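Everything numeric in this text was worked out from a predicted model, so none of it was measured. Counting starts at 1 for both ligands and their atoms, following the listed order. For reference, positions follow the sequence shown, starting with 1.
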Amino acid sequence: MKVMCVFGTRPEGIKMAPVIKVLKNRPEIECVTCITAQHREMLDQVLDLFDIIPDYDLNIFEPGQTLTDITTKAIKGLEDIIIKEKPDVLLVQGDTTTVFAGALAAFYQKVRIGHVEAGLRSGNLYSPYPEEANRKLTGVLTDYHFAPTERNRQNLLNEGYSDEKIFITGNTVIDALQYTVKEDYIFENDLLNNIDFNNRKVILLTSHRRENLGAPMENIFLAIRDIIEKHRIAEVVFPMHLNPKVREIAYRILGQNPRIHLIEPLDYEPFTNLMARCHIVVTDSGGLQEEAPTLGKPVLVVREETERPEGVEAGTARLVGTKHDSIFENLDLLLSDEKEYEKMAKAINPYGDGKASERIVDILLKEVKKD
Ligand code: UD1
Ligand code: UDP
């Protein structure tokens, strides 16, 4: 069986890497990897860590491309490779524009499609944008839906997909996390080694969503700046996304405070070890909403909706929106009330047990033979 894995951004790389590892270890499978490189540096960091040398690199990255640029370049580049390789099945992961383009290119060649991390829904087509649409569009084209949780399966059933083609596997991000987090980890970055994680309350911040660019992101950063002024014990580490629109707002609002560290994106290994040592996570990221509960870190989700309500229901995540006062008040509570903090700081694992990749590959072997 020939499986072609297509991915393009940092989070897809992180979550596809454990699947590729399993695929490459199975003698009955030939695994071909193709990156669109919708991201460049941020994806290359992941490839290095997981020792993935892609068979094909479309290298479509250009700073500031539009969604149409990314979509059209990816479909065109993938067409030739799919025709040449003739895979039995093409795997995509998640909800980026590369995912939708990969699924569409495979569909045009009548190649079967497996969607890893299928069935997540926020219920609002414009939030996250364009990811909610990418997920739904990809679902329509998919033959094998690998749903991380029961809720994700239900979402697909509600949209009329056949139960026979939906498989609950857990999320492969948990497989990846198990590979990187270590108790005795030492950072290469001296700034991080010099932070006194035991006596300071370190807030790990990330923000990059398109629908937050502009006023919502300004509100998030203003709330962070104000909370740092109020709580002398708190420090912020913000590994900034490479999007220049994010960085401009970050430097303008957060650039002046010695207890706010604006740093370059971290490799996955130091990043997850930083998360394991921090006190609170504030984020609009999808992946962090899965990783923080797993590591027992309270996570304030600075978005209006989430397609990952499992962490909220378990009490580890709180959806606080993008208004200044709500973010400030929730942070204030967690920094001043030990009981409130302890209520949220519990390790839960609704997203998987670290064996999702093995399951996905086992199911693929069985299902592709059947079809
Ligand atoms: C993309 C995905 C989003 C995912 C996110 C993960 C789409 C439309 N968006 O968003 O779903 O959550 O990745 O991070 O698929 N840049 C660089 N170097 C890099 C990466 C990005 O310089 O390695 C800069 C470029 O200026 C680029 C900008 O960031 O134009 C935005 O990148 P893009 O891939 O368009 O969207 P993201 O916001 O990263
Ligand atoms: N991440 C990383 N380095 C960083 C910031 C994030 O390796 O500096 C990882 C993080 O652990 C998670 C993934 O990148 O697995 C999330 O990526 P991002 O927030 O860009 O995308 P999303 O998950 O929102 O699609």
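- Contact annotation for Pro130 and ligand 1: only side-chain heavy atoms (C-beta onward) come within less than 4.0 Å of the ligand.
- Looking only at atom types and distance, the side chain of Glu304 has no donor-acceptor partner in the side chain of Ser127 under 3.5 Å away.
- Heavy atoms of Tyr268 found under 4.0 angstrom from ligand 2 belong to the backbone as well as the side chain.
- Among all non-hydrogen protein atoms, the one lying nearest atom 25 (O) of ligand 2 is Pro11 CG, 3.4 Å.
- In terms of protein heavy-atom proximity, atom 13 (C) of ligand 2 is nearest to Ile14 CD1, 3.8 Å.
- Here's the thing with Pro11: none of its N/O atoms is less than 3.5 angstrom from an N/O atom of ligand 1.
- More than 12 heavy atoms of other residues, nucleotides or ligands lie within 6.0 Å of NZ in Lys165, so this atom counts as buried by the packing criterion.
- Here the protein heavy atom with the shortest distance to atom 19 (O) of ligand 2 is Ser285 OG, 2.9 Å.
- Proximity of His208 to ligand 2, defined as any heavy-atom pair under 4.0 Å, is confined to the side chain (atoms from C-beta onward).
- Residue His241 has no nitrogen or oxygen atom sitting less than 3.5 Å from a nitrogen or oxygen atom of ligand 2, judged on distance alone.
- Gly64 N, 2.6 Å is the protein heavy atom nearest to atom 30 (O) of ligand 1.
- Nearest to atom 33 (P) of ligand 1 among the protein's heavy atoms is Arg210 NH2, 3.6 Å.
- Considering only non-hydrogen protein atoms, atom 20 (C) of ligand 1 sits nearest to His39 CD2, 3.3 Å.
- Distance check, rounded to the nearest 0.5 Å: CG of Asp284 to CD1 of Ile220 gives 5.5 Å.
- Residue Phe197 qualifies as enclosed at atom CZ: its count of foreign heavy atoms under 6.0 Å is above 12.
- Within the 4.0 Å heavy-atom criterion, the part of Leu67 lying near ligand 1 is the side chain and not the backbone.
- The shortest side-chain heavy-atom distance between Thr97 and Gln38 falls under the 4.5 Å cut-off.
- Protein heavy atom nearest atom 1 (N) of ligand 2, with residue, atom name and distance: Phe271 CD2, 3.6 Å.
- Looking only at protein heavy atoms, the nearest one to atom 8 (C) of ligand 1 is Thr97 OG1, 3.2 Å.
- From the protein, the heavy atom lying nearest to atom 29 (O) of ligand 1 is Asn243 CA, 3.3 Å.
- Here Arg10 does not pair with Asp44 in a salt bridge; the nearest charged N to carboxylate O distance is not below 4.0 Å.
- Between Tyr341 and His279, the gap from one ring centroid to the other is short of 6.0 Å.
- Ring pair Tyr268/Tyr179: centre-to-centre distance not below 6.0 Å.
- Counting heavy-atom neighbours within 6.0 Å of Lys76 NZ, excluding the residue itself, gives a total of 12 or less.
- For Gly287, a nitrogen or oxygen atom sits less than 3.5 Å from a nitrogen or oxygen atom of ligand 2, counting backbone and side chain alike.
- At a heavy-atom cutoff of 4.0 Å, ligand 2 is contacted by the side chain of Arg209 but not by its backbone.
- Annotation: atom 3 (C) of ligand 1 to nearest protein heavy atom, Glu131 OE2, 3.0 Å.
- A salt bridge links Arg153 with Glu150: at least one charged nitrogen is closer than 4.0 Å to a carboxylate oxygen.
- Between Phe238 and His261, the ring centre distance reaches or exceeds 6.0 Å.
- Protein heavy atom nearest atom 17 (O) of ligand 2, with residue, atom name and distance: Arg10 NE, 3.6 Å.
- If you check which protein heavy atom lies closest to atom 26 (O) of ligand 1, you get Pro244 CD, 3.3 Å.
- The proximity of Leu288 to ligand 2, defined as any non-hydrogen pair under 4.0 Å, is limited to the side chain.
- Residue contacts with ligand 1: Ile70 is included, with a non-hydrogen atom under 4.0 Å away.
- With a 4.0 Å heavy-atom cut-off, ligand 1 is reached by no atom of Ser285.
- With hydrogens left out, the protein atom closest to atom 12 (O) of ligand 1 is Arg209 NH2, 2.9 Å, a heavy atom.
- Within the 4.0 Å heavy-atom criterion, the part of Glu291 lying near ligand 2 is the side chain and not the backbone.
- Using a 4.0 Å cut-off between a side-chain N of Lys or Arg and a carboxylate O of Asp or Glu, Asp353 and Arg359 qualify as a salt bridge.
- Heavy atoms of other residues, nucleotides or ligands lying less than 6.0 angstrom from OH of Tyr126 number 12 at most.
- In this structure a side-chain-to-backbone donor-acceptor pair under 3.5 Å is present from Asn155 to Gly119.
- Looking only at heavy atoms of the protein, atom 3 (N) of ligand 2 is closest to Leu266 O, 2.7 Å.
- For ligand 1, the polar-atom distance check against His241 finds a nitrogen or oxygen pair separated by under 3.5 Å.
- In this structure, the side chain of Asp88 engages the main chain of Lys2 through a donor-acceptor pair within 3.5 Å.
- The aromatic rings of His241 and His208 lie parallel to each other, with less than 30° between the two planes, well short of the 60° mark.
- At a heavy-atom distance under 4.0 Å, atoms from both the backbone and the side chain of Glu41 approach ligand 1.
- At a 3.5 angstrom cut-off on N or O pairs, Met42 does not count as close to ligand 2.
- A donor and an acceptor atom, one from each side chain of Thr294 and Glu291, are nowhere located under 3.5 Å apart.
- Within the structure, ligand 1 lacks Lys245 among the residues with a heavy atom less than 4.0 angstrom away.
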